[in-house]
2 protein chains.
Amino acid sequence: MTTAAASGRDLPHPAREEIRLESVLHALSDPMRLRIVRELAADGRELSCSDFVLPVTKSTTTHHFRVLRESGVIRQVYRGTAKLNGLRTDDLDALFPGLLDRVLEAATRQAGRPVP
Amino acid sequence: MTTAAASGRDLPHPAREEIRLESVLHALSDPMRLRIVRELAADGRELSCSDFVLPVTKSTTTHHFRVLRESGVIRQVYRGTAKLNGLRTDDLDALFPGLLDRVLEAATRQAGRPVP
DNA sequence: GCCGTACTACGATGCTTATCGTACGAGGCA
DNA sequence: TGCCTCGTACGATAAGCATCGTAGTACGGC
């Protein structure tokens with residue numbers, strides 16, 4: 001846990017045992033959100049929302065990040081004016097072992113290349 | 001191919017290479033459809049629609065089977081008055097190795113028991 | 001204190017979808 | 001042939017959701 005002194009308010013996340021498989025699958029079934037998750041996985045670090053260049057407006061981006069957070073796929077922490085996003089790999093692997101990895105692998109296969 | 005003499009018309013299925021990960025995830029993200037898929041996997045055989053006892057009407061059931069077929073998750077074949085449904089495990093495993101198994105495993109874990 | 005950046009909240013919009021009911025077609029069986 | 005079962009088609013409905021634009025809040029830097 002290197003969540004060193006995240007300044008500011010914090011956002012509602014589902015606890016590990018509240019994460020529902022159906023919600024996770026639904027969150028991952030949107031191309032834009034799958035893309036976000038792939039980039040997060042590829043980078044490994046926590047990224048701010050503005051690190052993502054998506055072909056939608058900022059409000060739509062906010063919406064997608066919210067869906068990902070509320071489904072338990074990502075964790076969001078305010079850090080000053082930025083908001084850092086990280087995959088909840090620990091929780092997801094504990095609940096659904098291997099699932100996230102297979103989805104990411106499947107996405108890469110389908111795209112024919114690793115994430116840009 | 002043991003598709004022995006399925007009587008009657010046949011239904012439109014996506015070819016293997018047309019199956020999209022997002023569509024599969026979306027198909028599996030509905031509780032009713034995930035339940036259908038779990039029962040199909042648990043049984044192993046091809047089941048007719050009426051083998052499923054779902055808390056929805058028949059038209060809704062038809063709709064869910066159609067979504068599963070059009071996303072490439074199941075294969076449907078008419079057999080007299082019945083329609084047999086089988087998982088496309090071969091195609092799914094070829095495209096997205098391990099994905100279906102992990103989803104099924106995750107569903108079982110979450111339900112706390114194998115499919116009824 | 002003021003400004004700019006990062007993100008949010010809210011309302012609108014149009015599309016998708018999960019659900020139902022009813023009416024219909026296809027095939028087995030008496 | 002006529003009936004029953006299985007499943008479909010179609011229309012309706014209500015909810016969900018992906019998207020946008022605008023207006024607003026929080027925070028860091030000047």
Side-chain angles (χ1 to χ4, degrees), chain A residues 4-13 20 22-37 39-40 45-71 73-86, chain B residues 4-13 20 22-37 39-40 45-71 73-86:
Chain A
S7 70
R9 54 263 127 101
D10 41 297
L11 298 147
H13 291 76
R20 302 283 311 164
E22 291 89 341
S23 305
V24 170
L25 294 177
H26 175 248
L28 296 176
S29 73
D30 182 275
M32 216 61 68
R33 291 194 291 261
L34 185 56
R35 176 167 163 175
I36 291 172
V37 169
E39 291 193 30
L40 277 175
R45 292 170 305 171
E46 298 197 315
L47 299 175
S48 80
C49 296
S50 53
D51 288 332
F52 295 84
V53 187
L54 301 173
V56 290
T57 64
K58 264 200 303 184
S59 18
T60 305
T61 304
T62 297
H63 162 70
H64 285 310
F65 275 104
R66 185 217 286 254
V67 173
L68 287 170
R69 170 170 49 83
E70 292 181 343
S71 66
V73 176
I74 67 171
R75 201 181 326 262
Q76 295 191 296
V77 173
Y78 278 108
R79 181 77 178 236
T81 141
K83 193 159 74 168
L84 294 184
N85 304 276
Chain B
S7 70
R9 54 262 128 102
D10 42 298
L11 299 147
H13 290 76
R20 303 285 307 164
E22 290 88 341
S23 304
V24 171
L25 294 177
H26 175 248
L28 296 176
S29 73
D30 181 275
M32 216 61 67
R33 292 194 290 262
L34 185 55
R35 176 168 163 174
I36 291 172
V37 169
E39 291 194 30
L40 277 174
R45 292 170 305 171
E46 297 196 317
L47 299 175
S48 80
C49 297
S50 54
D51 288 332
F52 296 84
V53 187
L54 301 173
V56 290
T57 63
K58 263 197 309 182
S59 16
T60 305
T61 302
T62 297
H63 162 69
H64 284 309
F65 275 105
R66 184 216 286 252
V67 172
L68 286 170
R69 169 171 51 82
E70 291 181 343
S71 67
V73 176
I74 66 171
R75 201 182 327 261
Q76 296 191 295
V77 173
Y78 278 108
R79 182 76 177 236
T81 142
K83 193 159 75 168
L84 294 184
N85 304 276

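Throughout, protein chains are lettered first and strands after them, A, B, ... in sequence-line order, and every chain is numbered starting at 1.
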Would you check if the side chain of A:His13 reaches a backbone N or O of A:Leu11 as a donor-acceptor pair within less than 3.5 Å?
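Yes.
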Taking the minimum atom-to-atom distance to the side chain of B:His64, which one of C:dT19, C:dT22, D:dA18 wins?
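Nearest to the side chain of B:His64 among the choices is C:dT19.
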Which nucleotide, C:dG21, C:dC7, D:dG21, lies nearest any side-chain atom of A:Ala82?
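Of all the options, the side chain of A:Ala82 is nearest to C:dC7.
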Once you apply a heavy-atom cut-off of 4.0 Å, does B:Ser48 come out as touching a base, just sugar-phosphate, or nothing?
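The answer is sugar-phosphate, as B:Ser48 gets under 4.0 Å only of primed atoms, P, OP1 or OP2.
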For A:Ser50, answer base if it contacts any base atom (sugar-phosphate contacts may also be present), sugar-phosphate if it contacts only those atoms, and nothing otherwise; contact means non-hydrogen atoms under 4.0 Å.
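Sugar-phosphate contact only.
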What is the distance, to the nearest angstrom, from the [atom1] atom on [X] to the [atom2] atom on [N]?
X: B:Gln76; N: D:dC6; atom1: CD; atom2: P; answer: 16 Å
X: A:Leu84; N: D:dG28; atom1: CG; atom2: C1'; answer: 15 Å
X: A:Arg79; N: C:dC7; atom1: CZ; atom2: C1'; answer: 17 Å
X: A:Asp30; N: D:dG16; atom1: CG; atom2: C1'; answer: 13 Å
X: B:Asp10; N: D:dG7; atom1: CG; atom2: P; answer: 17 Å
X: B:Leu11; N: D:dG7; atom1: CG; atom2: P; answer: 12 Å
X: A:Glu70; N: C:dA9; atom1: CD; atom2: P; answer: 10 Å
X: A:Lys58; N: D:dT22; atom1: NZ; atom2: P; answer: 13 Å

Walk me through whether B:Leu84 and B:Gln76 qualify under side chain to side chain contact (heavy atoms under 4.5 Å, CB included).
CA-CA 6 Å; B:Leu84 294 184; B:Gln76 296 191 295; over 6 Å; no
Residue closer to the 5' end of DNA chain D, B:Asp51 versus A:His26 (nearest nucleotide)
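Closer to the 5' end of DNA chain D: B:Asp51.
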Closer to the 5' end of DNA chain D via nearest nucleotide, is it B:Arg69 or A:Thr61?
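Result: B:Arg69.
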Show the nearest heavy-atom pair for residues A:Ser71 and A:Val24, with the distance to one decimal.
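What the structure gives for the nearest pair is O-CG2, 3.7 Å.
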When you look at A:His63 and A:Lys58, which way does the side chain to side chain contact (heavy atoms under 4.5 Å, CB included) test go after all the steps?
CA-CA 9 Å; A:His63 162 70; A:Lys58 264 200 303 184; over 6 Å; no
Check this for me: does the side-chain of B:Thr81 come within 3.5 Å of the base of C:dG28 through a donor and an acceptor?
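Absent.
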One pair to check against side chain to side chain contact (heavy atoms under 4.5 Å, CB included): A:Val77 and A:Asp10. What are the steps and the verdict?
CA-CA 6 Å; A:Val77 173; A:Asp10 41 297; over 6 Å; no
Has [X] got a side-chain N or O lying under 4.0 Å from the OP1 or OP2 atom of [N]?
X: B:Thr57; N: C:dC20; result: yes
X: B:His63; N: D:dG7; result: no
X: B:Arg66; N: D:dG7; result: no

